[in-house]
Amino acid sequence: MIKITFPDGAIREYAEGTTALDVAKSISEGLARKVLAADINGQVWDATRPINNDAQLKLLTWNDGDGKSTFWHSSAHLMAEAVESMFPGVKFWVGPPVENGFYYDMDLGGRQITEDDLHKLELKMAELAKKNEVYERKEISKSDAVRYFTEKGDEYKLDLLQGLNDGEITFYSQGNFTDLCRGPHIPNTGFIKAIKLTNIAGAYWKGDEKNKQLTRIYGVTFPSQKELDEYLAMLEEARKRDHRKLGKELGIFTMDDDVGPGLALWMPNGTIIIEELERLAKETEQAAGYKRVVTPHIGKEILYITSGHLPFYQDSMYPPMELEGQKYYLKAMNCPHHHKIFAAQPKSYKDMPLRLAEYGTCYRYEQSGELFGLMRVRCLHMNDAHIYCTKEQFAAEFKAVNDMYLKYFKIFGIDKYIMRLSLHDPEKLGLKYINEPELWIETENLVRQVMIENKIPFVEVKGEGAFYGPKIDVQIWSAIGREFTLATNQVDFAQGRRFKLEFTNKDNHPETPLIIHRAPLGTHERFIGFLLEHYAGKFPLWLSPLQVKILPISDKFMDYAQTVLQSLKNADIRAEIDDRNEKIGKKIRDTELAKVPFMLVVGEKEMNENKVAIRKQGKGDLGTKDINEFIAEIVKEIKDRKSE
RNA sequence: GCCGUUGUAGCUCAGUGGUAGAGCACUUCCUUGGUAAGGAAGAGGUCGUGAGUUCAAUUCUCAUCAACGGCUCCA
């Protein structure tokens, strides 16, 4: 007998070789029908795999992350079985679960798969799922595994085998499909009741663009049709929040073929938001001791040779223009210009820290396939600043920048984000990263220390650093689930020396400053793209391009509407009159859909009492008020930048 | 940049080897209406661009540009 310990601490005895499924059955048949896998001593196992020793056991169902992953991993195998039946000879690479479903990478041997095929594959999968095919686990020796895939001529699985040791190799089979796989899997295919293959994509083998491109099929499956329907409805809702759709509807920005890809044109409504954001940034930075500067959009080649950007990023800069025998580049970053401002006058330790801020316009020749609405563009306006400081000042300055992030996040009600400490990859020193191994370690520790001391939660990721130093990136997600860096706070130990930046320290010796690059509001493009999705287009009052719309009941009250408009304008409130020849219901509907925060309905009653009938977007009728009282209230709301 | 898909009116989308349609938006007229769509009429597109096949191309083929879904990349 063996002892099984349950999550609640209960211990029960079972025969040696019992399975998680047996355990579940001993509790209830209903539970057994839902068990997908089991957590045995912290490892996820097949529910049907014999347990031979005492163990901690947690039964995993659809409601557990690991249960879901197992379900989707098994679905990938089911899809592979269907693909193999339709495309004999197909070779598979890997097929893992992902955040919302699974994919499988495959080499179709020159054949093409179409959207029509996806539907056929779904039907085939459903047919196979109904057979309740059991996922069978088999331990196999490395030599047998190598022989199996050599006979099959499958170079991909042979490549995978290279990295595995004898004794840790398992095969899983269901129906006619056998795959090299560490598992685990759900008990049988019958659990998979609802199937949607979402798209076909190319994916480089091992994620390296020099390698062959494989075909990747993405899909998602569920234990019931209802859950699939809910998922599809959720996607539909997300699409409604897509900043590209909302940006067009609300007249925020537009793109035009004749201007060029990735070059957003800010329309009047979008420009109002930009100006409000810049006002916020200016106020905040001034209070935090920053000084504003303005620099040109271009610079000579030598500037970017000195900064060290050119060898790393030449391909993603717009090609240079030649004038007077000199090459000029459109600036892809503001730092070199700012460094030159630092260098323009001699500095002493008394000038430090020096914080130079600019909403700088940068141009980056991003790869065509990378462009994505406002989130990834070729012309961007960065909430940029560079802080030149001594080593002693660094921790306080770095923390102050982090505090500024948090202050902004509070204003915008941003609570879903992750701070990521982005580190260098030692294997890519000299290639992607400045070849200063010790300085890397030193500054990375410096940043890590600041984060730990200030108890700021963060994750660490290797290979995401800037070429000149480590950074803290704030990661956010767009409405359709793509991950983006919203803000960034970077340490630079390289450029100060490269530009021979110096200040005279207390001992009257020249010293090179540390530099912090920071952009808490990211770029206007990405930030407004994010805000559109964050607010679903319903901007808070202070950011809303149009704050108040006046809706006269009929044109008899147009004169009164004009006096109301004038009062609002005198208080710097962005307001308009809906002077169309339409009924009030129609005007309300259109103004609601345009997401204007306040509507003021004015008719005979209001005119006689010098009042306005207030209607709030999404909230409906709020009753009447004296016009000055209303103005006083919303002026305060605007000034406080209330996010609701 | 790579793989795949798409491109018809301002927007959302039908449609066809014989040079095009709907709804909304827009304009005009009627209506002057009290909290999410009043009525009528009208205007608007060389069907992304270029070439080829054809008696004839928006439709078929190729190229190109752009967008979209991914991959790679992101100072």
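Chain A is the first sequence line, chain B the second, and so forth, proteins listed ahead of strands; every chain is numbered from 1. Just so it is clear, the structure is predicted and the values come from calculations on it, not from any experiment.
- Residue A:Ile200 contributes atom CD1, which lies 14 Å from atom P of B:G70 at whole-angstrom precision.
- A:Lys471 has no carboxylate O lying under 4.0 Å from a charged side-chain N of A:Glu464, or vice versa, which leaves the two without a salt bridge.
- Contact annotation for A:Gly618: no contact, since no heavy-atom pair falls under 4.0 Å across all strands.
- Under 3.5 Å, the side chain of A:Arg244 and the base of B:C68 form no donor-acceptor pair of N or O atoms.
- Checked by distance alone, A:Gln213 brings no side-chain donor or acceptor within 3.5 Å of a matching partner on the base of B:G1.
- A donor and an acceptor atom never sit less than 3.5 Å apart when one is taken from the side chain of A:Arg364 and the other from the base of B:C73.
- Put simply, the side chain of A:Ser316 and the base of B:A75 share a donor and an acceptor less than 3.5 Å apart.
- Residue A:Glu604 places its CD atom among 12 or fewer non-hydrogen atoms of other residues, nucleotides or ligands, all under 6.0 Å distant.
- Each of B:G33, B:A75, B:U35 was ranked by its minimum atom distance to the side chain of A:Asp621; first place goes to B:U35.
- Rounded to a whole Å, the CG atom of A:Leu263 is 11 Å from the P atom of B:A66.
- Across all strands shown, A:Gly369 has heavy atoms under 4.0 Å from base atoms, whether or not it also approaches the sugar-phosphate.
- Rounding to whole angstrom units, OH of residue A:Tyr560 and C1' of B:U32 are separated by 19 Å.
- Between A:Met558 atom CE and B:G33 atom P the separation is 13 Å, expressed in whole Å.
- Minimum atom distance to the side chain of A:Gln112 is reached by B:G4, of the listed B:U12, B:G69, B:G4.
- For A:Leu371 and B:C71, the CG to C1' distance is 15 Å, given to the nearest whole Å.
- Taking only side-chain atoms of A:Glu606, from C-beta outward, the nucleotide of B:G34, B:C26, B:A75 with the closest atom is B:G34.
- Atom-to-atom, CG of A:Leu246 to C1' of B:C11 comes out at 14 Å; the value is rounded to the nearest Å.
- Comparing atom distances between the A:Lys586 side chain and each of B:C11, B:G38, B:U32 picks out B:G38 as nearest.
- Nucleotides B:C62 and B:C24 place their C1' atoms 37 Å apart, quoted to the nearest Å.
- Comparing atom distances between the A:Arg216 side chain and each of B:C71, B:G34, B:C74 picks out B:C71 as nearest.
- Nearest nucleotide to the side chain of A:Tyr218, out of B:G70, B:U35, B:A37: B:G70.
- Among the heavy atoms of the strands lying under 4.0 Å from A:Glu604 is at least one base atom, whether or not backbone atoms are also near.
- In terms of polar N and O atoms assigned as donor or acceptor, the side chain of A:Tyr204 comes within less than 3.5 Å of the base of B:G1 in a complementary pairing.
- Side-chain contact annotation: A:Asp473 with A:Thr485, donor-acceptor N/O pair under 3.5 Å absent.
- Nearest to the side chain of A:Lys605, among B:A75, B:G34, B:G33, sits B:G34.
- Taking atom CG of residue A:Asp590 and atom P of nucleotide B:G38, one finds them 9 Å apart after rounding to whole Å.
- In this structure, A:Ala332 reaches the bases: a heavy-atom distance under 4.0 Å links it to at least one base atom across the strands shown.
- Spacing between atom OH of A:Tyr433 and atom C1' of B:C73 amounts to 12 Å, rounded to whole angstrom units.
- Of the C1' atoms belonging to B:C60 and B:C47, the separation is 15 Å, rounded to the nearest Å.
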